[in-house]
Each structure stands twice: as C-alpha cells, then as structure tokens.
*Asks:* 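Okay, handing you the structure first.
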Amino acid sequence: MEDFMLITRPRGTEDILPENISGWYLLEATARELSYLYGYREIRTPIFEHTEIFNRGVGDTTDIVEKEMYTFKDRGGRELTLRPEGTASVVRAFLEHRMDAQGLPVKLFYLGPMFRYGRPQAGRLRQFHQFGVEAFGSMDPGLDAEVIALAMNFYRALGLEDLELHLNSVGCPECRAKYREELKGYLEPYLKELCNTCQGRFERNPLRIFDCKSSVCQEIVAKAPTVVLSLCEDCSDHFKRVQGYLETLGIDFILDEHLVRGLDYYTKTAFEIMVKGIGAQSSIGGGGRYDGLVENLGGKSVPGIGFGLGLERVLLTLQAQGKDLPQINKIEVMVVTVGADLNKEAVRLLANLRAAGFKADKDYLERSLKAQMKYANRCKARIALILGEEEFKRGKVLVRDLETGSQEEVPLEEVVDFCRQKKESGW
RNA sequence: GUGGGUGUAGCUCAGUUGGUCAGAGCACCAGGUUGUGGCCCUGGGGGCCGUGGGUUCGAGUCCCAUCAUCCACCCCA
C-alpha cells in the first residue's frame, strides 16, 4: 500500500467535519420530524445485503446493477453488495419480518449512506446519503400524493426554492409492454440515426431513450407516442386521481411524459424533483410506485410506493441558494484562570456550569490570560468567567460579556445562576 | 467506463522565455499591553513545489507516466 493512502480518504467519499455538521443535524432532524408527522416509522437496515436482492429488486439491466455496485465476497464466500439504494433493502426487511402480518399499510422511513461506483463530480459521490420513505399495502392514489407531499414538504421546511416536481406514469407491466412495442414501432425507421447507446437501448429498454441527451435522439423522441396515451384504463384512472389529490394539496407539478426512472421496479406513478444550480446534476430526489416489487422479491402481491432523496444534493442546493445553517457548536461560557493555581476551582466551576446545562469549556494548555481570552473568542463564547487571585480571595468571579465587552464581579456561589439569568433574558 | 482542467505552507493562491523560486494573504503561536478577546503593529513556527522517471550544467517551471482532485459525458440522488 502506498503511503499516501494511509491518510487519504477513498475516492468519492467525504469527511464531514465539525464545521459542516450543522447542516446534517438539520436535515436529519427535519426528516425524522416530518416522517413521524406523516405516520412513518424509522427502519435501519444493514448497509450491505446479499447481492441478489439488488439484482432482482433494482433490475439487472439497470446501470446501477450492471456497473455501479460495490460487490464483494465475504470470508464465508457470500456474495454481498453495499446498498446502492434503499428500497430493495426495506422490501427485504418487510418480507423477512412479515411486517404485513401486523396490518397494512406499513409506512417506513430510512436515513443513511448508499454506495455507487462511478466517476465523482459535483453532486455525485461514491458514498452518499439518502432520506427515503416506503409505504406498503395500498393502491390508493391518495397515498401517492401523500408520499410526494412529504418529499416536497421536506424541501420546503428547509427553505428551498425553485423546485420542479416532474410527474409521469409508466403504467403497469401490461400497458408498459404494449407501449414498448408501440414505441419500438415508431423508432424502427430512425434506428440508424440514434446514437450508439440508444441503438443498444432499443431492444433492451427503449423507454430510456427518452432520457438521452443527444440532440438527435431528443428530436426523434420528441414526436414519439407517449406512455400516457397507451395507459390501460386502471393506470390512466390512477394517474388522473393522483393529479387530483396533488391539486387538492396545492402541490404544483409538471407533467413530464419523458420522465423514465432508472430503476426497473417502478409502475404507475413516477416522479422526480429537479433544481438548478448544483452543477450538471439537477435531480435532488425521486420515486414512484412499485406494485410488483414485493412479489418479485418472493412475497405476496403487496403494492408499494416511496421516494429517495439525496442529502448531499439538498445541502448543495441550500448552499447555492444562500441559506445559512444554524451554528450548533458555539461554546456559551469559557472559564478562564489567571495568577496562582486556580485550576481546581476552575474545574469545579466548569462542572457546575455543565450540570446546569451550559456549553462550557476551559483552557488545558496552561496558556496566558490573553491566550485564553483569544481562545474564548475563537470558540464564539458569549461569556468569559475570569477566576483571578484577587477576586477569588474575596469570593468573587469576573463575568465578562464577550459581545458587549461589559464586565462585572459576581460572588462565586451565585455565578452559575447569574449566567442562567443572563441567558434566559437573551444574554 | 470516456474526455478536459488542476496539483506549490493548515486554507486561498503568486511564482515572468528553465538560472536566489521557496513567496504572499489568511489561519496558528509569541510579544507589544508583567491580569483581559475582536482592531492594529512586530516577530516566529511551519513546504520531499502530489509521486516516479526523463531532458538539461541547472527543473516548481519542459517531456512522459502515475495518483489525486475538480468539471463534463454516461447515469442518477
């Protein structure tokens, strides 16, 4: 192993440093609060699963499965994969624990790291984090709307602006198969004009040609028949009712007939939330219905719907839109000593402050008063409690307000209360 | 997997056609103020100039490779 590897993080991973942690606390807290508000309960599944779960769940013709998974054998020879997304694992857990036996629907949410191997760029990492929800057991289009509303409210709670909700229906296996043939029929005459990748997609997954960014393909596909027109009655009705519920909830959406999600399991409702300003990546979340997935993974036929959204991209968007995040790592009170050895007193006072709920600290480098004050300033402390020889002999402590610069003597035994009062009255 | 840009101090970056080129600002530490932070002044510690080869009397500078990083394609969150 090269030396540099010892202190270099693996490509496409990030250290989240103390100065950047506030945003994560905010996202995680918002996700949890909102989920519970909507009746979703948290589930934590392993970070790796049997590879087969993803092959079967996500679909083995998808890019994710074909070339983006971290797959390895453990010492017992098991084929394992670091999860590239959340849904397959949650469905597996749903089945393994017979969660349907407790009555449907089952509404779950998760928060955690996902892994996909690809060239890193703005908004794309090999280890990234998602917040997602999954709801099992109901075909009600109202549930589709609820899931979408939850996602949109997450962004709104954080103050994000200029989001676009793209909505489509990819139909059920029956009408999709029918549509697939229709689309192929339309594309056939243009086959040679399509870009190389799309020529390959023609047989395997012609719907994905809609996603192609080549202008030639876009032009051809622009006049292609759309999924929506070939939806069966059930799917078409479902789609209309989802839209009706969204309108009821006051959620704007853009009908996007070209929206095709990259995971194979979606049926009927598919959606994606787009935003500008975070580089070439514009999708900060997406999801849809997956009525066949549970059965596919060996369970009974239980419908499901969910979303997954990328927390790094949400953070990038917050930054791009100039939202500042609350600082949670400020020290409130710094205990400072000067003169004779008052360290024991300082330690005692510090303990009392902390017991009273103050974020408090002291110097441990035997630094000068000046250096200690500087440190207090750097820690953004509001108050410096200065223990000086002379005051201490009289049983007093100097309380210095580092923001206003005012300073007064307070009896040692009253100083914690004094700080509390200052804090309660807004310092 | 493909393409392009960039790697010099903890950070942001200067460094002229190869010849004091080891630099600045910020940050850090100390002093000015022998008991008081922020502003100011003075000083200090810190660099295998990403790594390995090559060209040359001489390479931070040119060439090759490699790694890392950023951006884009691809794909998606």
Side-chain angles (χ1 to χ4, degrees), chain A residues 1-5 7-14 17 19 58 62-69 83-87 112-132 151 155 195-198 200-201 205 208 211-214 259-263 272-275 278-287 307-317 331 334 336-340 342 363 365 367-392 398-407:
Chain A
M1 182 178 296
E2 304 294 329
D3 276 356
F4 80 88
M5 283 186 179
I7 55 156
T8 308
R9 65 191 186 276
R11 180 155 208 207
T13 64
E14 254 178 0
L17 301 176
E19 47 269 44
V58 178
T62 59
D63 279 19
I64 292 178
V65 170
E66 278 185 342
K67 49 192 198 194
E68 293 179 357
M69 295 208 302
R83 62 180 184 196
E85 58 100 50
T87 304
M114 307 291 163
F115 306 83
R116 290 184 203 172
Y117 187 91
R119 280 282 199 84
Q121 68 187 74
R124 190 172 71 193
L125 292 164
R126 289 180 176 177
Q127 178 179 202
F128 61 102
H129 297 78
Q130 283 193 337
F131 159 46
Y155 299 122
C195 73
N196 285 340
T197 34
C198 285
R201 285 166 173 163
N205 196 350
R208 284 266 293 283
D211 265 351
C212 186
K213 276 159 192 149
S214 137
L259 172 64
V260 182
R261 311 233 63 238
L263 292 80
E272 196 158 332
I273 296 102
M274 322 281 255
V275 73
I278 54 169
Q281 260 61 43
S282 57
S283 169
I284 54 170
F307 68 70
L309 52 87
L311 297 182
E312 280 84 358
R313 289 187 187 176
V314 170
L315 241 21
L316 280 175
T317 310
I331 281 292
M334 185 66 71
V336 168
T337 57
V338 56
L342 292 167
D363 169 65
L365 294 175
R367 286 188 283 206
S368 68
L369 172 60
K370 180 175 173 157
Q372 289 182 62
M373 292 300 290
K374 229 176 150 172
Y375 180 60
N377 198 50
R378 193 169 56 230
C379 293
K380 302 185 174 82
R382 177 63 197 245
I383 298 283
L385 293 184
I386 304 169
L387 281 173
E389 250 179 308
E390 291 179 19
E391 295 83 355
F392 184 68
L398 275 172
V399 180
R400 183 174 178 86
D401 185 322
L402 292 178
E403 201 166 299
T404 65
S406 67
Q407 183 167 303

*Asks:* Mark yes or no for a side-chain to base donor-acceptor pair under 3.5 Å between Arg378(A) and G38(B), with no hydrogen or angle criteria applied.
*Replies:*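 By the distance-only test, no, there is no pair.
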*Asks:* The side chain of Lys374(A) lies closest to which of these nucleotides: A72(B), C70(B), G37(B)?
*Replies:*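 When the side chain of Lys374(A) is considered, G37(B) is the closest of A72(B), C70(B), G37(B).
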*Asks:* Closer than 3.5 angstrom, by distance alone: can the side chain of Arg83(A) be matched with the main-chain N or O of Pro113(A) as a donor-acceptor pair?
*Replies:*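 Side chain of Arg83(A) to backbone of Pro113(A): a pair is present.
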*Asks:* By the 4.0 Å heavy-atom rule, please label Glu390(A) as base, sugar-phosphate, or nothing.
*Replies:*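 Base, at least one base heavy atom under 4.0 Å.
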*Asks:* Using the salt bridge (Lys or Arg N to Asp or Glu O under 4.0 Å) criterion, which residues pair with Glu403(A)? Sequence neighbours excluded.
*Replies:*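 Glu403(A) satisfies salt bridge (Lys or Arg N to Asp or Glu O under 4.0 Å) with Arg382(A) once adjacent residues are dropped.
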*Asks:* Ignoring hydrogens and angles, are the base of G37(B) and the side chain of Arg400(A) linked by a donor-acceptor pair under 3.5 Å?
*Replies:*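 Counting by modelled atom types and ignoring angles, a donor-acceptor contact under 3.5 Å is found here.
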*Asks:* Glu389(A) has an atom CD; how far is it from atom C1' of U34(B), in whole Å?
*Replies:*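 It is 13 Å, rounded to the nearest whole Å.
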*Asks:* Describe the nucleic acid contact of Gly339(A) in one word from base, sugar-phosphate, nothing, applying a heavy-atom distance below 4.0 Å.
*Replies:*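 Answer is nothing: Gly339(A) stays at 4.0 Å or more from every strand.
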*Asks:* Gln121(A) side chain N/O closer than 4.0 Å to the phosphate oxygens (OP1, OP2) of C73(B)?
*Replies:*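 Result: yes.
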*Asks:* Under 4.0 Å, heavy atoms only, any strand: does Gly405(A) hit a base, just the sugar-phosphate, or nothing?
*Replies:*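 Counting heavy atoms under 4.0 Å across all strands, the contact made by Gly405(A) includes a base.
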*Asks:* Report yes if some heavy atom in the side chain of Arg119(A) is under 4.5 Å from a heavy atom in the side chain of Arg11(A); otherwise report no.
*Replies:*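 SC-SC contact between Arg119(A) and Arg11(A) confirmed.
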*Asks:* Partner lookup for G3(B), please. Criteria are Watson-Crick or G-U wobble with both distances under 3.5 angstrom; report none if nothing qualifies.
*Replies:*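 WC or wobble partner is C71(B).
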*Asks:* What integer distance in Å separates Arg119(A):CZ from A68(B):P?
*Replies:*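 My rounded result for the distance is 10 Å.
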*Asks:* How far does the P atom of G37(B) sit from the matching atom of C29(B), given to the nearest Å?
*Replies:*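 Per the computed distance, 14 Å lies between those P atoms.
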*Asks:* With a 3.5 Å limit on both atom pairs, tell me what U16(B) is paired to, counting Watson-Crick and G-U wobble, or say none.
*Replies:*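 The answer is none; no pair meets the criterion.
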*Asks:* Taking the C1' atom in each of A24(B) and C49(B), what is the distance between them to the nearest angstrom?
*Replies:*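 Straight-line distance between the two C1' atoms is 15 Å.
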*Asks:* For Leu369(A), which contact category applies under a 4.0 Å heavy-atom criterion: base, sugar-phosphate, or nothing?
*Replies:*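 It contacts base atoms.
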*Asks:* Can Phe128(A) be called stacked on A77(B) when the rule is centres closer than 5.5 Å and an angle between planes below 30°?
*Replies:*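 Taking the rule of under 5.5 Å and under 30°, the ring of Phe128(A) does stack on A77(B).
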*Asks:* For G47(B), give the paired nucleotide (Watson-Crick: N1-N3 plus N6-O4 or O6-N4; G-U: N1-O2 and O6-N3; both under 3.5 Å), or none.
*Replies:*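 No nucleotide pairs with G47(B).
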*Asks:* Just compare G1(B), C74(B), G37(B) and give me whichever is closest to any side-chain atom of Gln281(A).
*Replies:*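 From the listed options, C74(B) comes nearest.
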*Asks:* Please determine whether side chain to side chain contact (heavy atoms under 4.5 Å, CB included) holds for the pair Glu85(A) and Arg116(A), giving the CA-CA distance in whole Å, both sets of side-chain angles, and the decisive distance to 0.1 Å.
*Replies:* CA-CA 9 Å; Glu85(A) 58 100 50; Arg116(A) 290 184 203 172; 3.8 Å; yes
*Asks:* Is the backbone N or O of Ser283(A) less than 3.5 Å from a side-chain atom of Arg313(A), with the two atoms forming a donor-acceptor pair by type?
*Replies:*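 Checking the backbone N and O of Ser283(A) against the side chain of Arg313(A), a donor-acceptor pair under 3.5 Å is found.
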*Asks:* Checking the side chain of Gln372(A) only, and the main-chain atoms of Arg367(A) only, is there a donor and an acceptor separated by less than 3.5 Å?
*Replies:*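 Indeed, once roles are kept as given, a pair shorter than 3.5 Å links the two residues.
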*Asks:* Could you tell me how far G1(B) sits from C63(B) if I compare only their P atoms? Round to whole Å.
*Replies:*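 So the two P atoms sit 26 Å from each other.
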*Asks:* Report the distance from atom CD of Glu389(A) to atom OG1 of Thr337(A), rounding to the nearest 0.5 Å.
*Replies:*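 Answer for the CD-OG1 pair, Glu389(A) versus Thr337(A), is 10.5 Å.
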*Asks:* What integer number of Å spans the C1' atoms of G46(B) and C26(B)?
*Replies:*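 One C1' to the other, the span is 15 Å.
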*Asks:* For the side chain of Ala280(A), counting heavy atoms from C-beta on, which of C76(B), G1(B), C73(B) is nearest?
*Replies:*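 Of the candidates, C73(B) comes closest.
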*Asks:* Atom CZ of Arg116(A) to atom P of G1(B): distance rounded to whole Å?
*Replies:*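 Atom CZ in Arg116(A) sits about 18 Å away from atom P in G1(B).
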*Asks:* From CD of Glu272(A) over to P of A77(B), roughly how many Å is that when rounded to an integer?
*Replies:*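 Nearest whole value for this atom pair: 6 Å.
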*Asks:* Phosphate oxygens OP1/OP2 of A68(B): is one of them under 4.0 Å from a side-chain N or O of Arg9(A)?
*Replies:*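 No, because none of the side-chain N or O atoms of Arg9(A) sits under 4.0 Å from OP1 or OP2 of A68(B).
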*Asks:* Touch check for Glu85(A), heavy atoms < 4.0 angstrom, all strands: base, sugar-phosphate only, or nothing?
*Replies:*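 Nothing, no heavy atom under 4.0 Å.
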*Asks:* Mind checking if Lys370(A) touches a base, just sugar-phosphate, or nothing, with heavy atoms under 4.0 Å?
*Replies:*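 If one applies the 4.0 Å heavy-atom cut-off, Lys370(A) turns out to touch a base.
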*Asks:* Which distance, rounded to the nearest 0.5 Å, do you find between the OH of Tyr155(A) and the CG of Leu309(A)?
*Replies:*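 CG of Leu309(A) is found 4.0 Å from OH of Tyr155(A).
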*Asks:* On a plain distance test, is the side chain of Arg313(A) in donor-acceptor contact with the base of C76(B) below 3.5 Å?
*Replies:*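 It does, because a donor-acceptor pair links the side chain of Arg313(A) to the base of C76(B) below 3.5 Å.
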*Asks:* Can you tell me how far P in C67(B) sits from the matching atom in G31(B), rounded to whole Å?
*Replies:*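 That atom pair is separated by 49 Å.
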*Asks:* A27(B) pairs with which nucleotide, Watson-Crick or G-U wobble, both distances below 3.5 Å?
*Replies:*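 Pairing partner, where one exists within any strand: none, as none qualifies.
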*Asks:* Given atom CE of Met334(A) and atom P of G35(B), what is their separation to the nearest angstrom?
*Replies:*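 Whole-Å distance recorded here is 20 Å.
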*Asks:* For Glu391(A), report the nucleic acid contact type (base, sugar-phosphate, nothing); a contact means any heavy atom under 4.0 Å.
*Replies:*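 Result for Glu391(A) = base.
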*Asks:* Provide the distance between the two P atoms, one in U8(B) and one in G50(B), to the nearest whole Å.
*Replies:*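 That atom pair is separated by 6 Å.
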*Asks:* Quick one: the side chain of Arg124(A) and the base of C71(B), do they pair up donor-acceptor inside 3.5 Å?
*Replies:*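 Answer is no: no donor-acceptor pair is held.
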*Asks:* If I take atom CZ from residue Arg126(A) and atom CD from residue Glu68(A), how far apart are they, to the nearest 0.5 angstrom?
*Replies:*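 One gets 10.5 Å once the value is rounded to the nearest 0.5 Å.
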*Asks:* Roughly how many Å apart are G45(B) and C62(B), using the P atom of each and rounding to a whole number?
*Replies:*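 Approximately 31 Å lies between the P atom of C62(B) and that of G45(B).
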*Asks:* Does Thr13(A) or Ser283(A) map to a spot on RNA chain B nearer the 5' end, using the closest nucleotide for each?
*Replies:*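 Of the two residues, Thr13(A) wins.
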*Asks:* What's the gap between G7(B) and A14(B) when it is taken at their P atoms, as a whole Å value?
*Replies:*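 8 Å, rounded to whole Å.
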*Asks:* Confirm from the modelled atom types if Gln372(A) and U36(B) form a donor-acceptor pair under 3.5 Å, side chain to base only.
*Replies:*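 Side chain to base: no pair below 3.5 Å.
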*Asks:* Does G58(B) pair with anything, Watson-Crick or G-U wobble, both distances under 3.5 Å, and if so, with which nucleotide?
*Replies:*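 Its partner: none found.
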*Asks:* Tell me what Ala376(A) touches on the nucleic acid: a base, only sugar-phosphate, or nothing, going by heavy atoms under 4.0 Å.
*Replies:*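 If one applies the 4.0 Å heavy-atom cut-off, Ala376(A) turns out to touch nothing in the nucleic acid.
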*Asks:* Could you tell me how far apart Asp363(A) (CG) and G37(B) (C1') are, to the nearest whole angstrom?
*Replies:*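 The answer, rounded to whole Å, is 14 Å.
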*Asks:* In this structure, how many angstroms lie between the C1' atom of U36(B) and the CZ atom of Arg367(A), rounded?
*Replies:*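 Taking CZ of Arg367(A) and C1' of U36(B), I get 15 Å after rounding.
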*Asks:* For C39(B), give the paired nucleotide (Watson-Crick: N1-N3 plus N6-O4 or O6-N4; G-U: N1-O2 and O6-N3; both under 3.5 Å), or none.
*Replies:*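 C39(B) is paired with nothing.
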*Asks:* How close or far is atom P of A68(B) from atom CD of Glu14(A), stated in whole angstroms?
*Replies:*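 After rounding, the reported distance stands at 17 Å.
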*Asks:* Between Gly279(A) and Gly12(A), which has a closest nucleotide on RNA chain B that is more 5'?
*Replies:*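 On the 5' side of the pair lies Gly12(A).
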*Asks:* Please evaluate the base of G1(B) for a donor-acceptor partner in the side chain of Glu68(A) within a cut-off of under 3.5 Å?
*Replies:*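 Side chain to base: no pair below 3.5 Å.
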*Asks:* Looking for any heavy atom pair under 4.0 Å, which part of the strands does Leu398(A) touch: base, sugar-phosphate only, or nothing?
*Replies:*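 Base, at least one base atom sits under 4.0 Å.
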